[in-house]
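To start, the structure under review is shown below, and the notes come after it.
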Amino acid sequence: MAHVESAHLLELALGNAAPGDDDAEALLHVEHCDRCRDELGMLIRLVTAARAAKAVDLPIPPPEHIWLRITREVSRERGTPPPHRPRPDAAPGP
């Protein structure tokens with residue numbers, strides 16, 4: 001059998017294996033193939049970590065002054081005026 005497709009390994013790592021010949025054949029191949037076994041192991045670790053993530057683990061947006069500096073620098077490099085970004089606490093216009 002050829003190596004198991006990465007998409008199929010991902011489905012196996014997600015626990016979406018269905019009782020059928022394709023998954024049984026893939027799992028049999030993984031038992032004997034270091035490359036596919038390593039990839040499946042990595043995907044299982046990734047899925048496990050992602051499922052264990054809490055809101056506190058997620059990145060927070062950078063402060064407004066960082067975004068302003070980024071947009072000014074990009075605008076300067078492109079030779080375009082910086083985009084207008086209303087402050088989140090500013091009252092809406094008329």
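A quick note: this is a predicted structure, and the numbers were derived from the prediction, not measured.
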Closest approach of [X] to [Y] (non-hydrogen atoms, all atoms of both residues):
{"X": "Asp22", "Y": "His8", "answer": "O-CE1, 3.6 Å"}
{"X": "Ala2", "Y": "His29", "answer": "O-CE1, 3.8 Å"}
{"X": "Ala26", "Y": "Leu12", "answer": "CB-CD1, 4.2 Å"}

Do Leu40 and Leu28 sit in the same hydrophobic cluster, where Ile, Leu, Val, Met, Phe, Trp and Tyr count as joined when their side-chain heavy atoms come under 4.5 Å apart?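 No, no single cluster joins them.
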
Residue pairs fulfilling salt bridge (Lys or Arg N to Asp or Glu O under 4.0 Å) with at least one residue in residues 36-58, sequence neighbours excluded: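 Every pair satisfying salt bridge (Lys or Arg N to Asp or Glu O under 4.0 Å) with a residue in residues 36-58: Asp34-Arg37.
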
Would you compute the distance between atom CG of Leu68 and atom CD of Glu73 and round it to the nearest 0.5 angstrom?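 Answer for the CG-CD pair, Leu68 versus Glu73, is 13.0 Å.
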
Going by heavy atoms in the side chains, are Leu10 and Glu5 under 4.5 Å from each other?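 No - every pair of side-chain heavy atoms lies 4.5 Å or more apart.
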
Results of side-chain contact (heavy atoms from CB on, under 4.5 Å) for Leu46 - residues two or more places apart only: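 Once residues adjacent in sequence are excluded, Leu46 has no partner under the side-chain contact (heavy atoms from CB on, under 4.5 Å) criterion.
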
Tell me, please, which residues at least two apart from Pro63 pass side-chain contact (heavy atoms from CB on, under 4.5 Å).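 For Pro63, the residues satisfying side-chain contact (heavy atoms from CB on, under 4.5 Å) (neighbours in sequence not counted) are His65, Ile66.
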
For Leu9 and Val30, run side-chain contact (heavy atoms from CB on, under 4.5 Å): C-alpha distance rounded to whole Å, both residues' side-chain angles, the deciding distance at 0.1 Å, then the answer. CA-CA 9 Å; Leu9 290 171; Val30 167; 3.9 Å; yes

